[in-house]
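One structure is given here, and the rest of the page talks about it.
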Amino acid sequence: MKSLVMIPAYNEEKNIVKTVRDIQKNAPDFDYIIINDCSRDSTLDLCRREGLHVLNLPVNLGIGGAVQTGYRYAMQNGYDVAVQFDGDGQHDAAYLTQMREKLVREELDMVIGSRFLRHEGFQSSGMRRLGIRYFTELIRVSTGKKITDPTSGMRMANRSVIEAFAVNYPKDYPEPESVVYLLRQGKRVEEAPVKMRERENGKSSISFSRSIYYMCKVTFAILIEDIRRY
Amino acid sequence: MVKLQLIGAAVLLLGMLYIIRLIRKRRMELKYALPWLAVSFAALIVDCFPELLSKLADLLGIATPVNALYLVAFLLSICLLFALTVIVSRQSERIKQLVQAAALCEERIKRLESAGAGEERKDLSGQEEQSAREE
């Protein structure tokens with residue numbers, strides 16, 4: 001089973017090599033590809049020097065456009081499974097094999113790594129958790145499905161989802177919206193418990209002042225998704 | 001009144017000439033210039049025949065012609081802005097797809113190049129072995 005880890009990276013010079021080594025050590029039968037989203041630090045130089053596989057975006061596209069590049073790469077290169085994996089050291093490659101087992105065994109279309117199924121590892125700050133809970137409820141009302149960690153960036157897709165995301169993927173704050181997109185198309189999405197680490201270097205892409213915009217935008221995106229026709 | 005009309009007409013004509021000049025120099029696409037030319041032309045007509053404006057004001061039940069003018073001008077501006085937003089959305093989607101395609105191509109070239117270099121090296125080492133055997 002051809003499997004790919006897609007690592008979007010924007011200014012991750014401090015974490016990127018460690019992330020790749022983690023994958024090579026703990027998920028050795030997964031290939032990986034870094035998507036360098038026009039980093040302004042030395043991420044690209046570092047990748048080239050270390051001989052890492054990298055897709056280099058000549059213009060900054062933001063997280064959605066970067067991740068979608070990974071899905072397009074997975075589609076072009078015939079991968080059966082592709083998993084999004086943060087380049088900032090938050091995610092733990094030790095869970096990838098379990099996630100793939102679940103994906104295959106239960107014939108799912110997507111498995112989301114959730115911090116909140118077993119409440120283990122870094123649980124995010126109180127305010128963030130409140131926001132995440134809100135999206136969980138919104139998605140439940142909208143699709144009837146309970147997703148405990150809809151903002152998780154650790155998500156594994158099968159071939160059908162790879163193909164869907166290669167064509168359609170939201171540009172910014174894509175996680176909750178794209179889950180609703182899949183559920184609305186009748187795809188089977190489940191969660192697997194994972195532990196995440198608090199990021200060691202760099203800060204979250206969502207600062208506090210932008211979180212209000214984030215909430216409104218994603219809410220609206222989900223409502224639009226509800227009335228979209230496929 | 002006539003003086004003002006003349007100034008208005010002059011400004012409009014100059015504006016239209018400027019737009020046409022930009023189209024000639026290919027700094028503006030005809031497609032996107034057409035709405036501006038149409039608006040300028042309409043403004044020129046109203047400038048030449050101001051009584052049209054009074055009729056419009058009567059028709060819409062607006063007290064003074066100048067308010068009818070503001071209303072029309074405002075609505076047209078909004079329409080143009082809206083059209084531009086639609087165009088920007090489409091452009092940004094296209095740019096995204098191009099950037100992704102460029103990145104995918106570049107990665108593929110690099111991979112093929114390193115694979116090709118590997119093969120060349122293999123060929124060379126094969127030749128060396130052969131020449132070593134010959135010796």
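Please read all numbers here as calculations on a predicted model, not as lab measurements. In what follows, every chain begins at residue 1, and chains take the letters A, B, ... in the order their sequences are listed.
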I'd like a table of the N/O donor-acceptor pairs between chain B and chain A - cut-off under 3.5 Å, distance only.
unit_1: B:Ser92; atom_1: OG; unit_2: A:Lys171; atom_2: NZ; d: 3.0
unit_1: B:Lys96; atom_1: NZ; unit_2: A:Gln68; atom_2: OE1; d: 2.8
unit_1: B:Gln100; atom_1: OE1; unit_2: A:Arg72; atom_2: NH1; d: 2.8
unit_1: B:Gln100; atom_1: NE2; unit_2: A:Gly65; atom_2: O; d: 2.8
unit_1: B:Gln100; atom_1: NE2; unit_2: A:Gln68; atom_2: OE1; d: 3.2
unit_1: B:Gln100; atom_1: NE2; unit_2: A:Thr69; atom_2: OG1; d: 3.4
unit_1: B:Glu107; atom_1: OE2; unit_2: A:Tyr73; atom_2: OH; d: 3.3
unit_1: B:Arg111; atom_1: NH2; unit_2: A:Asn77; atom_2: OD1; d: 3.3

- Query: Heavy-atom distance under 4.5 Å to chain B: side chain of A:Ile35, backbone, both or neither?
  - Reply: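 Contact with chain B is absent: no heavy atom of A:Ile35 under 4.5 Å.
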- Heavy-atom distances under 4.5 Å only: say whether A:Leu61 touches chain B with side chain, backbone, both or neither.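 When you check distances to chain B, only side chain atoms of A:Leu61 fall under 4.5 Å.
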- Message: More than 12 heavy atoms of other residues, nucleotides or ligands under 6.0 Å from CZ of B:Phe49: yes or no?
- Response: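 For B:Phe49, atom CZ is not crowded (no more than 12 foreign heavy atoms under 6.0 Å).
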- Message: Please determine whether the number of non-hydrogen atoms from other residues, nucleotides or ligands lying under 6.0 Å from atom CD1 of B:Ile78 exceeds 12.
- Response: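 Counting neighbours around CD1 of B:Ile78, more than 12 heavy atoms of other residues, nucleotides or ligands fall under 6.0 Å, so yes.
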